[in-house]
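Written out below as structure tokens is the structure these notes cover.
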Number of protein chains: 2
Amino acid sequence: MARRYDHSRDQLLEMALDASRTLVLENGVRALTVRKVAGEMGYAVGTIYNLFANLDDLILHVNGATLDALYDTLSDVPLTADADKDVRALSAAYIDFTITHLNLWNALFEHSLPAGEDLPDWYHEKITRLLKLVETALAPIFNGQNPTELEKAARVLWSSLHGICSLATVNKLDIVTAAPALDLTDSLITNYLLGLSQTVSK
Amino acid sequence: MARRYDHSRDQLLEMALDASRTLVLENGVRALTVRKVAGEMGYAVGTIYNLFANLDDLILHVNGATLDALYDTLSDVPLTADADKDVRALSAAYIDFTITHLNLWNALFEHSLPAGEDLPDWYHEKITRLLKLVETALAPIFNGQNPTELEKAARVLWSSLHGICSLATVNKLDIVTAAPALDLTDSLITNYLLGLSQTVSK
DNA sequence: CTATTATATGATCAACGTTCAATAAGACCT
DNA sequence: AGGTCTTATTGAACGTTGATCATATAATAG
């Protein structure tokens, strides 16, 4: 097997992902080219296509790695069974992640698959895992009842969080008076949880 | 002035935008190429660069037109000074818009400017205008007090709405049990407004 | 040592964004 | 009318991109 340098397939995958993540982190998804990745690895273009189906597939794996990193970050947040406090802590960690990994995080949403293609199962699983974290933090509010509503609330919080950070970071929220993301998520959490505690307890 | 066909600059702009919007609507931003737009118009490639600085600028104007269309849609929603009802109506209209203009709406967020470039003022103004609509619907809750909080609440609602629709449409929310966007926004509005009414009235 | 198999290569292709000298057609003046 | 100026329009040309695949090469098996 013509390995010019002794790298196993797994090593090659790791090298390609590392190079790609660095490129995206430093210059955004737009800067990610097959040629640059190959060059960085010291391999030829064709080798990349040996590892990934195409550029979309490569980006998908970059995004997968970002979801993993996000999971690692969020699962390090200690939970106290105080829903309000815990959700706030998760939110803070999330916001911090979007700042320190800005371009990688943006890539999660700037990239979309060609029409007709769906996200693979392994990708969905990484998302489910993240949602589960929010569910766990949120659970105390529901007293073990109404798991469907718990699921829904977790999704609402998760996507709202995403929305706020998304529009805030690109300044598409037109934040003139410098109300940073944290200010908005605080309002979201405070009031949404307050509302939840009302509708649940009845 | 060598106009091969008698089209004023404004007409050319409109033709280019129309062609671009159609391309995006039918096949997503990825399908938008300068060559296709020019071909559709019956003009040469160079003419496009006569109208727009570059492809990014063209997409920015496509997105501007989408924001205008969204504004038209939302400002047609009749308001009743019942915040809960009105916000819900706006939200429903918003969701409907994301469905009927899916690819155009996605383009708003899939596209980002090259590093270092900022969104122009006219673009920000289109966003402000939309936020003002939400503020108006939300105003009754605040009894004319605390305009800062009103502004904040509008932004929270707006970006959360965006987040939910964004993750729902690409199925990045991992919605297995078919909880569509409307279900989530309902939960968001119900509970967030309920929470707001508590924190405000005290 | 040979045959087989797996891997790595990079020239090659079509398509893209962008540029710009050349061109053509209006306007303007005499 | 004729000549000049100005300006819109052109499209060939350039560099770069994603993707392909016949070819070359190295490890393994017989």
Quiz item: CD of A:Glu40: more than 12 outside heavy atoms within 6.0 angstrom?
Solution: no
Practice problem: Look at all strands and tell whether A:Val34 reaches a base, only sugar-phosphate, or nothing, counting heavy atoms closer than 4.0 Å. | Solution: sugar-phosphate
Quiz item: Partners of B:Asp56 by side chain to side chain contact (heavy atoms under 4.5 Å, CB included), sequence neighbours excluded?
Solution: A:Arg30, B:Asn54, B:His111, B:Leu113, B:Pro114
Exercise. Using a heavy-atom cut-off of under 4.0 Å over every strand shown, decide if B:Leu12 touches base, sugar-phosphate, or nothing.
Key: sugar-phosphate
Exercise. Would you indicate what A:Leu32 reaches in the nucleic acid, counting non-hydrogen atoms under 4.0 angstrom: base, sugar-phosphate, or nothing?
Key: sugar-phosphate
Quiz item: Got a sec? Which of residues 17-24 of chain B come in under 4.0 Å of DNA chain D, heavy atoms?
Solution: none
Quiz item: Between B:Tyr49 and B:Gly46, who's closer to the 5' end of DNA chain C by nearest nucleotide?
Solution: B:Tyr49
Exercise. Identify whether any heavy atom of B:Thr33 sits under 4.0 Å from a base atom; if not, whether one sits that close to sugar-phosphate; answer base, sugar-phosphate or nothing.
Key: sugar-phosphate
Quiz item: What is the distance from CG of A:Asn50 to P of C:dG10, rounded to the nearest Å?
Solution: 14 Å
Quiz item: Which word best sums up how the rings of B:Tyr94 and B:Trp105 line up, parallel for under 30°, tilted for 30 to 60°, or perpendicular for over 60°?
Solution: perpendicular
Practice problem: Calculate, to the nearest 0.5 Å, the distance between atoms CD and CZ belonging to A:Glu14 and A:Arg21 respectively. | Solution: 11.0 Å
Quiz item: Measuring from B:Ile95:CD1 to B:Asp186:CG, what's the distance to the nearest 0.5 Å?
Solution: 8.0 Å
Quiz prompt | Rounded interatomic separation in angstrom, taking CD1 from B:Ile48 and P from C:dC20 | solution = 18 Å
Quiz item: So how far is it from A:Leu70 CG to A:Arg129 CZ, rounded to the nearest 0.5 Å?
Solution: 9.5 Å
